[in-house]
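Read through the structure below, which is laid out as structure tokens, and then see the notes.
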Amino acid sequence: MTELKLSESRDLTRIERIGAHSHIRGLGLDSSLEPRDVSEGMVGQAQARKAAGVILQMIKDGKIAGRAILLAGQPGTGKTAIAMGMAKSLGLETPFSMLSGSEIFSLEMSKTEALMQAFRKSIGVRIKEETEIIEGEVVEIQIDRPAVSGAASKTGKLTLKTTDMETVYDLGAKMIEALAKEKVQSGDVIAIDKASGKITKLGRSFSRSRDYDAMGPQTKFVQCPDGELQKRKEVVHSVTLHEIDVINSRTQGFLALFTGDTGEIHAEVREQIDTKVAEWREEGKAEIVPGVLFIDEVHMLDIECFSFLNRALENEMAPVLVVATNRGITSIRGTNYKSPHGIPIDLLDRLLIITTQPYSEDEIRKILDIRCQEEDVEMSEDAKQLLTKIGHETSLRYAIHLITASALYCQKRKGMVVEVQDITRVYSLFLDVRRSTQYLMEYQKEYMFNEASIVDGGDGDAMHD
């Protein structure tokens, strides 16, 4: 029984979620911003990727803050994939936040406040500050535990050395607890922040490397620090403007970030923070990192949101706005007017528009290869050809959905490789949009509220059974 439980828990740790865009690692461009055929999970869309690469370069150079880009194309042509590729290429330092156009209407705050918070989440502030730290190699730790529990708190001594000097420090209960938590022992090189008392383990000293035979692969060896034990070091913190807003507007401070109960933030708080950040910038203590805000399904925003975006983009603290839509000429939400992509002309005029094209049969094949690899599905050459044909005639999304379904059917018949018969079986089980519409047209009289029955029966018949 014990062995079985162990194997179960081991399997559970290996469960990983595979998302629609989990295979994307970047935009797949070379150093001269030319798109590679298949790279970093991206296939095709050469023009759109190249355009996104130019935007990316401008973001990195800090030249495009307050601009907006529209990704426009048919459903399933890789608009969100390009946005994800941009996020991955920017790295962890640049803030990237993502929301859907319809999300704004379901939050417990006004639409403009939700948009403003999304904007502020996408602007990073890199704060530099000098702190005093004690850095050295641990020679010895002595901890005196009281004989009777509860009689007195633990006391101890810590001996630290550099190549030039050695000092003994008296330890209080909090420091002893912190040292025990970090599992600090003699031979470790540590740094102690004097202001907060935070202990950071830098590694093990080279001079003590022979003392231990067995060490883990992650053991890092460092030189014993030189000079004085106390040093002044510059520390860089990266936060977003939204995090500073929340911390300054709530009584519980930074805990509000974890509870998620940020609520509406007063404009005065934001003004004071902007003034303070501007002061830090002048003094050289901070720098602004304009990030990226990606709004998917932007046609779902209404005229008030679009008006707010127009004004927000003119602010000097605006991030790069990337929006995506799959709509043609349609009504602007909240009005009776029609406009391209459901976006007002005055906002469209501010946007750099990148269009995406439908995938060719060859590109669909390459994408299916990547998805099979991502979903860990072995598929025969004939089955891939059939799936590519299905994807070309129906839609790429439908073909991708069939991968896992056919793999499960293959498992059921105790097969190892997905064959044509598995694809054929799931193709007959799950309908695509075209076949579903055809079925609906054939049997529409059997459904409730279909238009044909009202036309045939007239008003009189519709009232009676």
Side-chain angles (χ1 to χ4, degrees), residues 18-24 28 35 37-39 41-49 71-85 296-297 299 324-330 341 354-413 415 417-444 446-447 450 452:
I18 295 167
H21 301 104
S22 56
H23 61 285
I24 287 161
D37 276 352
V38 181
S39 178
M42 295 295 263
V43 175
Q45 303 298 351
Q47 283 293 101
R49 276 159 58 202
L71 294 168
Q74 298 160 24
T77 51
K79 296 181 296 295
T80 310
I82 289 170
M84 294 292 285
D296 207 355
E297 306 290 330
H299 52 263
T325 179
N326 55 21
R327 298 292 162 98
I329 295 166
T330 182
H341 313 296
I354 300 172
T355 56
T356 53
Q357 308 299 324
Y359 289 108
S360 68
E361 205 162 329
D362 189 38
E363 286 166 351
I364 289 172
R365 171 61 196 263
K366 286 171 185 170
I367 293 166
L368 291 172
D369 281 341
I370 293 168
R371 288 307 301 177
C372 285
Q373 200 176 341
E374 183 72 14
E375 295 179 30
D376 210 9
V377 173
E378 281 281 322
M379 196 175 283
S380 72
E381 193 61 32
D382 291 347
K384 276 184 184 171
Q385 277 180 4
L386 175 61
L387 203 56
T388 306
K389 196 168 182 292
I390 291 168
H392 187 61
E393 287 177 7
T394 58
S395 74
L396 175 62
R397 284 176 178 157
Y398 176 69
I400 288 170
H401 287 320
L402 293 187
I403 294 173
T404 310
S406 57
L408 288 169
Y409 191 74
C410 175
Q411 268 179 24
K412 193 184 169 196
R413 65 171 181 83
V417 179
V418 174
E419 298 290 349
V420 172
Q421 65 188 71
D422 304 313
I423 304 283
T424 313
R425 179 71 178 136
V426 292
Y427 180 74
S428 63
L429 285 173
F430 303 105
L431 303 184
D432 58 90
V433 179
R434 195 180 296 165
R435 283 185 295 152
S436 179
T437 311
Q438 200 177 336
Y439 178 84
L440 209 59
M441 296 300 284
E442 280 178 33
Y443 296 98
Q444 58 186 345
E446 309 298 322
Y447 285 88
N450 72 83

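Numbering of residues begins at 1 and proceeds along the displayed sequence. Remember, it's a predicted structure, so these values are computed and weren't measured experimentally.
When only modelled atom types and interatomic distance are considered, T80 and D296 share a side-chain donor-acceptor pair under 3.5 Å. A donor-acceptor contact closer than 3.5 angstrom is absent between the side chains of T356 and Q45.
Distance CD/E374 to CZ/R371: 5.5 Å, rounded to 0.5 Å. Rounded to the nearest 0.5 angstrom, L402 CG and R397 CZ are separated by 14.5 Å. One finds the CG atom of D432 at 9.5 Å from the CD atom of Q438 (value rounded to the nearest 0.5 Å). In this structure, T388 OG1 and I367 CD1 are separated by 10.0 Å, a value rounded to the nearest 0.5 Å. Between the OG1 atom of T437 and the CG atom of L431 there is a distance of 9.5 Å, given to the nearest 0.5 Å.
Without hydrogens or angle criteria, H299 side chain to H341 main chain gives no donor-acceptor distance under 3.5 Å. Remark: side-chain polar atoms of R49 are paired, donor with acceptor, to backbone N or O of G44 under 3.5 angstrom. Y359 places no side-chain N or O within 3.5 Å of a backbone atom of G76 that could act as its donor or acceptor partner. In this structure, K79 contributes its side chain and G73 its backbone to a donor-acceptor pair below 3.5 Å.
Closest approach of A48 to I82, counting heavy atoms only: CB-CD1, 3.6 Å. Nearest approach of I423 to S406, heavy atoms of both residues: CD1-OG, 3.8 Å. Of all the heavy atoms in Y409 and V426, the pair that sits closest is CB-CG1, 4.3 Å. Nearest heavy-atom pair across A399 and G391 is CB-CA, 3.7 Å. Looking at every heavy atom in both residues, A46 comes nearest to P35 through O-CG, 3.5 Å. C372 approaches K384 most closely through the heavy-atom pair SG-CE, 4.3 Å.
Salt bridge E381/R365: present, at least one basic N to carboxylate O contact under 4.0 Å. One finds no salt bridge joining D422 and R425 here, because no Lys/Arg side-chain nitrogen approaches an Asp/Glu carboxylate oxygen to under 4.0 Å.
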Chi angles and distances behind the side chain to side chain contact (heavy atoms under 4.5 Å, CB included) call for Q74, N326: CA-CA 5 Å; Q74 298 160 24; N326 55 21; over 6 Å; no
Derivation and outcome, side chain to side chain contact (heavy atoms under 4.5 Å, CB included), residues L386 and Y427: CA-CA 11 Å; L386 175 61; Y427 180 74; over 6 Å; no
Pair E363-H392, side chain to side chain contact (heavy atoms under 4.5 Å, CB included): steps then yes or no: CA-CA 10 Å; E363 286 166 351; H392 187 61; over 6 Å; no
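Using a 4.5 Å heavy-atom threshold, the side chains of L387 and M379 count as touching. When side chains are defined from C-beta on, I400 counts as touching E375, because their heavy atoms get closer than 4.5 Å.
Residue K389 qualifies as open at atom NZ: its count of foreign heavy atoms under 6.0 Å is 12 or below. Counting heavy atoms of neighbouring residues, nucleotides and ligands inside a 6.0 Å radius, atom CD of Q47 does not exceed 12 of them. Within a 6.0 Å sphere centred on CD of Q373, other residues, nucleotides and ligands contribute 12 heavy atoms or fewer.
Taking the centre and axis of the six-membered ring of Y439, the NZ or CZ atom of R434 falls outside the cone set by 45° and 6.0 Å.
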